[in-house]
Amino acid sequence: MIYPAPDLAAAKVWWTSVLGVEPYFDEPFYVGFNVGGYELSLDPNGDPAAGPVTYWGVRDADVALKSVVAAGATVRSAVQEVGGGIRVATVVEPTGAVVGLIENPQFVLPETLPGEGEGPGR
């Protein structure tokens, strides 16, 4: 989950106090927390009016984007590096929801995931 955080410093302090953990990734362009194995992040360039976006962790953002587009999604933002080797993209799925894809080398995925098959980015 990536939350818009125009005041990144204030958001980082608040989330650190609420979660009780320090961020594992802390840069001016992105702050990431590992919360029980899930990513909670802060984006200083995010639009608060758009709200938070849920991102699915993928091994390869390019492959995942092609897969979800082939399944009927529309590209909202192409794959882009946001720093630290982190690559993200967003799509609008056929019913109108925004879905994010994130390839994050700082957040290690297990070698295999439960139910993993030929899904996006696998």
Side-chain angles (χ1 to χ4, degrees):
M1 195 68 159
I2 298 183
Y3 289 89
D7 184 342
L8 187 61
K12 181 173 68 172
V13 167
W14 190 83
W15 279 105
T16 299
S17 71
V18 167
L19 299 172
V21 296
E22 294 290 324
Y24 77 89
F25 191 86
D26 189 353
E27 295 292 336
F29 53 83
Y30 182 91
V31 172
F33 295 88
N34 180 337
V35 184
Y38 293 93
E39 177 90 6
L40 185 151
S41 302
L42 307 173
D43 178 4
N45 300 309
D47 178 5
V53 175
T54 302
Y55 283 74
W56 289 91
V58 298
R59 296 186 199 289
D60 184 320
D62 295 307
V63 169
L65 183 61
K66 287 178 188 171
S67 177
V68 296
V69 167
T74 304
V75 175
R76 183 172 181 246
S77 64
V79 175
Q80 60 184 323
E81 168 131 5
V82 294
I86 299 166
R87 301 173 70 229
V88 299
T90 56
V91 299
V92 178
E93 52 94 342
T95 65
V98 175
V99 177
L101 305 169
I102 184 168
E103 175 187 329
N104 184 346
Q106 308 296 320
F107 199 84
V108 180
L109 291 171
E111 195 167 314
T112 59
L113 300 171
E116 184 171 53
E118 296 300 317
R122 305 292 181 209

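How far OH of Tyr24 is from CZ of Phe33: 10.5 Å, rounded to the nearest 0.5 Å. For the atom pair CD of Glu39 and CE of Met1, the computed distance is 12.0 Å after rounding to the nearest 0.5 Å. Atom OH of residue Tyr3 and atom CG of residue Asp43 lie 13.5 Å apart, to the nearest 0.5 angstrom. Taking CG of Leu19 as the reference point, atom CH2 of Trp14 lies at 8.0 Å (rounded to 0.5 Å). Atom CD1 of Ile2 and atom CD1 of Ile102 lie 4.5 Å apart (nearest 0.5 Å).
Residues Val99 and Val53 share a closest heavy-atom pair of C-CG1, 4.4 Å. In plain terms, the two heavy atoms of Val79 and Ala61 that are nearest each other are CG2-O, 3.8 Å. The nearest pair of heavy atoms linking Gly32 to Ser41 is CA-OG, 3.8 Å. Counting all heavy atoms, side chain and backbone alike, Pro105 lies closest to Gly85 at CD-O, 3.2 Å. Shortest non-hydrogen contact noted between Pro48 and Gly46 is CD-O, 3.3 Å. Among all heavy-atom pairs drawn from Pro94 and Gly72, the shortest one is CG-O, 3.6 Å.
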Checking Leu101 against Leu65 for the side chain to side chain contact (heavy atoms under 4.5 Å, CB included) test, could you report, in this order, the C-alpha distance in whole Å, the side-chain angles of both residues, the deciding distance, and whether it holds? CA-CA 7 Å; Leu101 305 169; Leu65 183 61; 4.2 Å; yes
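Counting heavy atoms from C-beta on, the side chains of Asp26 and Lys12 come closer than 4.5 Å. At a threshold of 4.5 Å between non-hydrogen side-chain atoms, the residues Pro4 and Asp47 do not count as touching. You'll find the side chain of Leu8 stays beyond 4.5 Å of the side chain of Phe29, heavy atoms only. In this structure, Trp15 and Leu42 have side chains that are in contact, with non-hydrogen atoms separated by less than 4.5 Å.
Applying the side chain to side chain donor-acceptor pair (under 3.5 Å) rule to Thr16 yields no partners; only residues at least two apart in sequence or on another chain are considered.
Across Val82, Val88, Ile86, a single residue satisfies side chain to side chain contact (heavy atoms under 4.5 Å, CB included) together with Asn104, and that is Ile86.
Val35 and Phe25 fall into different hydrophobic clusters, defined by Ile, Leu, Val, Met, Phe, Trp and Tyr side-chain heavy atoms under 4.5 Å apart, directly or through other members. There is no path of hydrophobic side-chain contacts, each under 4.5 Å, that joins Tyr30 to Leu40.
Among residue pairs with one or both ends in residues 68-81, none qualify as salt bridge (charged side-chain N to carboxylate O under 4.0 Å, His left out); sequence neighbours excluded.
Residues Tyr55 and Glu103 bring no donor and acceptor atom of their side chains to less than 3.5 Å of each other.
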